[in-house]
Asker: 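Here you go, one structure.
Since the structure is predicted, the reported quantities are computational estimates derived from the model, not experimental observations.
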Amino acid sequence: MRKWILAAVIGLLALAAAGSWGYSQYTANRKLENYLSNKYQRAFYDLASQTQSVEVLLSKSMIASDPRLDSALLMDIRQQAAFAQSNLGQLPLNDALAGRTAKFLSQVGDYADSLARQINQGEAIDTKHWDTLNSLYQQAAALNSELQGMQAGMAQNNFYFGEMVRQVRGKLQKNPDDLATTDFQSMDKQMQRYPALIYDGPYSEHLERTEPRDLSGQGDVDAPEAEQRALAFIDKQDGADYQARVTGTTNGRIPAHRVEVTRVGGPDGAATVLDVSRQGGKVIWMMNSRPVGGQTVSIEEARRKALQFLAGRGFGEMRSTYFQQHGNSVTFNCAALQNGVTLYPDLVKVTVALDSGEVTGTETSGYLMSHRQRPLPEAAVSRERARAAINPRLNVSGGELVLIPVGVSDEKLAYEFHGKLGEDSYLIYINAVTGREENVLKLIETPGGTLTM
């Protein structure tokens, strides 16, 4: 009897030990799988982002005409292609899947490098090279679309990257010759990585200045004064009464009082929140997060309301440039004007609710950091001469004088032209003093508005 009990106990201990070992192995394997899945996923997302950058840079290089700018674009292409190739190499994919993509990234990087060297030696890009760039651009667009579709499928089917890798390996064994098309083209375009609102991404370096120029020399305001400034700033509706209270302070790039404004007798929890700068008492941002009903106000009516709102709050003459609609609200980018010149660094964003035309949000940090009366230079280059500097393949319109930020502290007076090449649209900036091409931005039209890269 004792022997039977002893044997049973030993058996149970062995079973428990085996179970414990098995569980620890399972846990370790799960941790390893999660680690590898996260590593592969990060590499894949970086690959997709860098491939998109290659596509955009190639499109810009085709329409840039200034050798200095074209050389910089080509060097950026080489760098982004190298980064993308490195991330592709980190994915657990064999040559049947990654070989075509790796070869393309290698070729586009090498070609961009050789072309940049040719330009730096004073040689021009002839039609043959332009045709090659166009071919590479079309291939980059196709690859970008495939990668976006693959990420969309990952999100839609809600599985780890490790599971996707197992599926890919299974398909490799069944149908290796057709893998590139079946895996890269069968999923929808969920991976669209939209760029920032125009002049909020490519032209935002000036926001990193440490001193807000529009507040220079102004004194500090206390909490009661900040409350009064907030009450004077909000878009009051129907003659209602409002009350304000300071709820705290912030110590960001522009130190501020945090103010909460509520409508007397309004619904509980409904409030407009503002940051009012301690120096100068200017509103840095405002947000009213009330639900927005169905649209009854047109985009043009909302645009007029945004400009009227700014004029009534001391912003002077402004120009509404581009907008983005999100639901039943629309956000306008408004830039200051000086002697008819659009000052893109002096940017204010205004959000208007399309159910009533109420201004429900503003963001003024670009304006506060940059605004001042500037000694603008005279345009030494005519509009016609500036237009002649643009790539002749483009259908060109426009030519207004604008001031664009260049780097952290510099600004350039330029002509802004709209260019069209096939289905693609661009903004081209020609320096109004030197006649050189300063920048090229690619426009992306979406149902919600105009975006740029």
Side-chain angles (χ1 to χ4, degrees), residues 49-84 104-105 107-120 124-127 129-145 192-205 322 344 386-387 389-398 402 404-407 412 414-431 436-446 450-453:
S49 174
Q50 288 147 2
T51 302
Q52 187 179 47
S53 295
V54 168
E55 176 193 347
V56 173
L57 289 166
L58 281 167
S59 72
K60 290 183 178 182
S61 72
M62 290 192 300
I63 60 99
S65 58
D66 188 288
R68 177 179 54 96
L69 178 59
D70 216 0
S71 176
L73 289 169
L74 290 165
M75 296 306 291
D76 285 344
I77 291 170
R78 185 192 69 167
Q79 185 181 55
Q80 291 298 316
F83 288 156
F104 167 74
L105 293 171
Q107 288 177 338
V108 73
D110 290 344
Y111 187 76
D113 182 55
S114 65
L115 207 55
R117 292 175 184 272
Q118 177 179 318
I119 292 173
N120 292 335
I125 297 181
D126 56 22
T127 302
H129 289 306
W130 190 91
D131 290 341
T132 302
L133 285 173
N134 187 38
S135 175
L136 292 173
Y137 167 61
Q138 300 299 330
Q139 294 178 62
L143 176 59
N144 184 31
S145 177
Q192 180 65 35
R193 183 173 176 264
Y194 286 114
L197 200 63
I198 193 159
Y199 302 112
D200 194 24
Y203 285 166
S204 62
E205 295 90 346
Y322 296 87
Y344 277 126
R387 181 169 179 155
I390 298 174
N391 192 315
R393 292 183 177 88
L394 287 169
N395 291 321
V396 179
S397 62
V402 299
I404 60 174
V406 178
K412 300 291 186 183
Y415 290 103
E416 179 185 63
F417 292 97
H418 292 252
K420 192 84 173 174
L421 181 64
E423 296 300 317
D424 295 328
S425 298
Y426 301 86
L427 292 176
I428 305 97
Y429 295 92
I430 305 297
N431 192 305
R436 302 198 69 170
E437 197 171 43
E438 285 290 341
N439 203 357
V440 174
L441 299 178
K442 183 175 182 179
L443 292 174
I444 300 175
E445 300 292 341
T446 74
T450 305
L451 306 171
T452 189
M453 292 188 77

Asker: Got Glu416 and Leu427 here, is their nearest side-chain heavy-atom distance under 4.5 Å?
Answerer: yes
Asker: With the side chain counted from C-beta on, respond yes when Ser59 and Tyr426 share a heavy-atom pair under 4.5 Å apart, and no when they do not.
Answerer: yes
Asker: If every non-hydrogen atom of Leu394 is compared with every non-hydrogen atom of Gly419, which pair is closest and at what distance?
Answerer: CD2-C, 4.1 Å
Asker: In Å, rounded to the nearest 0.5 Å, how long is the span from CE of Met75 to CG of Leu57?
Answerer: 12.5 Å
Asker: Closest heavy-atom contact between Gln80 and Ser53?
Answerer: OE1-CB, 3.8 Å
Asker: Starting at CG of Asp70, measure out to CD1 of Ile119 and round the result to the nearest 0.5 Å.
Answerer: 4.0 Å
Asker: Answer whether the closest heavy-atom distance between the side chains of Leu133 and Leu58 falls below 4.5 Å.
Answerer: yes
Asker: If every non-hydrogen atom of Ala81 is compared with every non-hydrogen atom of Val54, which pair is closest and at what distance?
Answerer: N-CG2, 3.8 Å
Asker: Rounded to the nearest 0.5 Å, what's the gap from CD1 on Ile390 to CD1 on Ile63? Could you check?
Answerer: 8.5 Å
Asker: Is Glu437 reaching over with its side chain to a backbone N or O of Ser65, donor-acceptor style, under 3.5 angstrom?
Answerer: yes
Asker: Less than 4.5 Å apart, any side-chain heavy atom of Tyr415 and any of Arg387?
Answerer: no
Asker: Whether the side chain of Asn391 engages the backbone of Met62 through a donor-acceptor N/O pair (distance < 3.5 Å, no angle test) should be reported.
Answerer: yes
Asker: Just wondering, do Glu438 and Arg68 contact through their side chains at under 4.5 Å, heavy atoms?
Answerer: yes
Asker: What distance do Gln52 atom CD and Leu143 atom CG have between them, rounded to the nearest 0.5 Å?
Answerer: 11.5 Å
Asker: To the nearest 0.5 Å, what is the distance between CZ on Phe83 and OG on Ser49?
Answerer: 11.5 Å
Asker: Walk me through it: do Asp424 and Tyr137 pass the test side-chain hydrogen bond (donor to acceptor under 3.5 Å, both in side chains)?
Answerer: CA-CA 12 Å; Asp424 295 328; Tyr137 167 61; 2.8 Å; yes
Asker: I need the Glu55 CD to Lys60 NZ distance, nearest 0.5 Å.
Answerer: 12.0 Å
Asker: Within a strict 4.5 Å, meaning less than it, do heavy atoms of the Leu421 and Arg393 side chains meet?
Answerer: yes
Asker: Can you name the nearest heavy-atom pair linking Ala64 to Leu69, along with the distance?
Answerer: CB-CD2, 4.2 Å
